[in-house]
Asker: 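Take this structure first; my questions come after.
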Protein chains: 2
Amino acid sequence: MDEKKERIISATKELIVQYGFKKTTMDEIAAKARMGKSTMYYYFKNKEDIFAEIVRIDSDLFRQKLIDAIQAAYSPQDKIMQYVRTRMLHLKELSNYYKTLTNEYLDHYFFIEKVREDFYSFENKILSDLINEGIQQNIFTPCDIDVVVHMIAIAIKGLEYPLFIQKEQDLERDSKQMMEIIFKGIEVRA
Amino acid sequence: MDEKKERIISATKELIVQYGFKKTTMDEIAAKARMGKSTMYYYFKNKEDIFAEIVRIDSDLFRQKLIDAIQAAYSPQDKIMQYVRTRMLHLKELSNYYKTLTNEYLDHYFFIEKVREDFYSFENKILSDLINEGIQQNIFTPCDIDVVVHMIAIAIKGLEYPLFIQKEQDLERDSKQMMEIIFKGIEVRA
DNA sequence: TTTCGACCATAAAACGGATTTGGTCGAGGA
DNA sequence: TCCTCGACCAAATCCGTTTTATGGTCGAAA
């Protein structure tokens with residue numbers, strides 16, 4: 001039954017938010033999900049599998065949110081801008097929600113790497129398409145798309161930095177200003 | 001006598017490179033510096049003080065190297081480009097040399113923060129001056145200098161990222177391409 | 001097919017004694 | 001007065017051992 005999986009997932013999420021992944025025990029999850037510990041092993045291969053599922057779900061929601069943001073905008077610039085903006089704000093939300101995980105960041109779980117890589121190719125695809133679209137529309141000057149995308153990715157990494165060191169910054173403003181400069185750098189000149 | 005301080009510093013550096021700061025003991029330093037352990041306390045307040053001095057010296061060398069790089073270039077663009085390039089390459093060298101320290105990165109020593117902050121204001125000053133110079137020479141369009149400097153700083157953070165996660169990247173190429181885009185974004189249009 | 005209690009191997013914590021380590025002090029040398 | 005160091009100390013760290021907690025299995029039963 002799928003409702004059981006749901007119970008396990010949501011119990012785990014609550015506990016993770018409070019204690020982090022490593023500190024959360026299977027016994028606690030079972031108690032919160034109101035079922036025997038063994039039962040959970042009928043639905044999930046192991047503890048990491050639960051975590052992986054959570055990450056997968058959140059990751060899918062994230063992607064969908066980004067796609068929506070792009071579709072709500074018109075010009076290529078606006079699409080990219082909204083992409084970056086939405087990405088930063090959502091990431092901030094996430095990093096706030098899963099604050100406890102930041103501490104465990106060092107002992108990285110292998111499957112996170114997989115998700116991360118998948119996300120990067122998703123992002124790469126999206127940005128490439130948008131840049132290309134801009135070039136087709138004679139808005140951006142023809143250029144090496146891979147390079148431009150790579151530069152945007154680097155800029156995004158720089159924008160992410162404050163999140164990482166838990167420093168308060170106006171991500172929305174910074175994102176906007178950064179993208180404006182980059183756009184001026186790749187737009188067709190009048 | 002200053003030669004003694006020198007001996008202590010250099011002994012400590014060698015040991016740090018090999019074992020890291022925490023694993024290096026005062027006894028080992030004393031042995032390598034060929035003097036009694038107590039003697040070292042005549043020259044330095046404590047173990048951290050030695051470390052702080054090393055960081056200070058390296059930091060000064062770093063700054064000087066950056067200043068030299070700037071002075072060897074002519075146009076504001078070239079100066080900024082050489083600044084960023086030199087910064088990245090030196091940082092890479094440093095992070096390679098003090099590899100052992102990367103592991104201790106988490107337990108951050110308070111005085112490192114001080115050095116870091118000082119460096120940031122040094123960097124801010126330099127970049128501000130260069131942008132301003134470019135505006136005076138009618139090379140860059142008049143703009144909010146603080147914003148532009150902040151964006152360059154963010155871009156630098158993004159460029160630094162591969163160093164942090166120990167991922168191999170062509171820093172020199174990336175720096176160049178990133179700055180080229182930013183320059184196009186702030187240059188006066190023909 | 002689904003649930004669970006009993007059970008297991010191992011990992012993590014708790015412990016406590018031995019050792020190491022950063023740092024002090026006063027005596028003594030130049 | 002400047003400098004050096006051996007003897008010493010309190011606190012931190014190490015390390016082997018025991019205890020406890022934890023992730024995961026299995027077979028019975030619903």
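All of these numbers come straight from a predicted model, not from anything done at the bench. A note on names: the letters A, B, ... follow the listed sequences, proteins ahead of strands, and every chain is numbered from 1. Note that these values count all heavy atoms, side chains included, but never hydrogens, waters or copies made by symmetry.
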Asker: Counting heavy atoms from C-beta on, name the nucleotide in D:dC3, D:dT25, D:dC14 closest to the side chain of B:Tyr43.
Answerer: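 Closest nucleotide among those given: D:dC3.
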
Asker: To the nearest Å, give me how far apart NZ (A:Lys23) and P (C:dA13) are.
Answerer: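 Value for this atom pair: 6 Å.
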
Asker: Find the distance B:Lys37:NZ to D:dC8:P and express it as a whole number of Å.
Answerer: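 Spelled out: NZ on B:Lys37 to P on D:dC8 is 14 Å.
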
Asker: Can you tell me the distance, in whole Å, between the OH atom of A:Tyr42 and the P atom of C:dG5?
Answerer: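 Going from A:Tyr42 (OH) to C:dG5 (P), I get 18 Å.
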
Asker: Between B:Glu160 and A:Lys157, does at least one N-O distance fall below 4.0 Å, as a salt bridge requires?
Answerer: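 No salt bridge links B:Glu160 with A:Lys157.
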
Asker: Give the rounded distance in Å between these two atoms: CD1 of A:Ile29 and P of D:dG23.
Answerer: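 Distance check: A:Ile29 CD1 to D:dG23 P gives 7 Å.
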
Asker: Quick check: does any side chain N or O of A:Arg7 sit under 3.5 Å from a backbone N or O of A:Ala33, one acting as donor and the other as acceptor?
Answerer: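 Confirmed, A:Arg7 side chain pairs with A:Ala33 backbone.
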
Asker: Starting at atom NZ of A:Lys22, determine the distance to atom C1' of C:dA11, rounded to an integer number of angstrom.
Answerer: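 It works out to 12 Å between those atoms.
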
Asker: Round to a whole Å and report the spacing from NZ of A:Lys45 to P of D:dG23.
Answerer: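 Rounding to the nearest Å, NZ of A:Lys45 and P of D:dG23 are 15 Å apart.
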
Asker: For D:dC3, take OP1 and OP2 only and decide whether either is under 4.0 Å from a side-chain N or O of B:Thr39.
Answerer: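 Indeed not, no polar side-chain atom of B:Thr39 lies that close.
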
Asker: Can you check the B:Met26 CE to D:dG6 P distance for me, whole Å?
Answerer: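 After rounding, the reported distance stands at 15 Å.
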
Asker: For A:Gly36 and for B:Thr25, find the nucleotide of DNA chain C with the closest heavy atom, then tell me which residue's nucleotide is more 5'.
Answerer: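 With A:Gly36 and B:Thr25 compared, the 5'-side residue is A:Gly36.
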
Asker: Take the protein atom CD1 of B:Ile50 and the nucleotide atom P of C:dT21, then report the distance between them rounded to whole Å.
Answerer: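 The answer, rounded to whole Å, is 15 Å.
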
Asker: In terms of side-chain heavy atoms of A:Ser38, which of C:dG23, D:dA7, D:dT25 is nearest?
Answerer: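 My answer, after comparing the listed nucleotides, is D:dT25.
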
Asker: Distance-only, no hydrogens or angles: does the A:Thr12 side chain make a donor-acceptor pair with backbone N or O of A:Ile8 under 3.5 Å?
Answerer: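 Yes: the side chain of A:Thr12 pairs with the backbone of A:Ile8.
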
Asker: Look at A:Glu187 together with A:Lys184 and state whether they make a salt bridge at an N to O cut-off of under 4.0 Å.
Answerer: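 Not counted as a salt bridge, because no side-chain N and carboxylate O are separated by less than 4.0 Å.
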
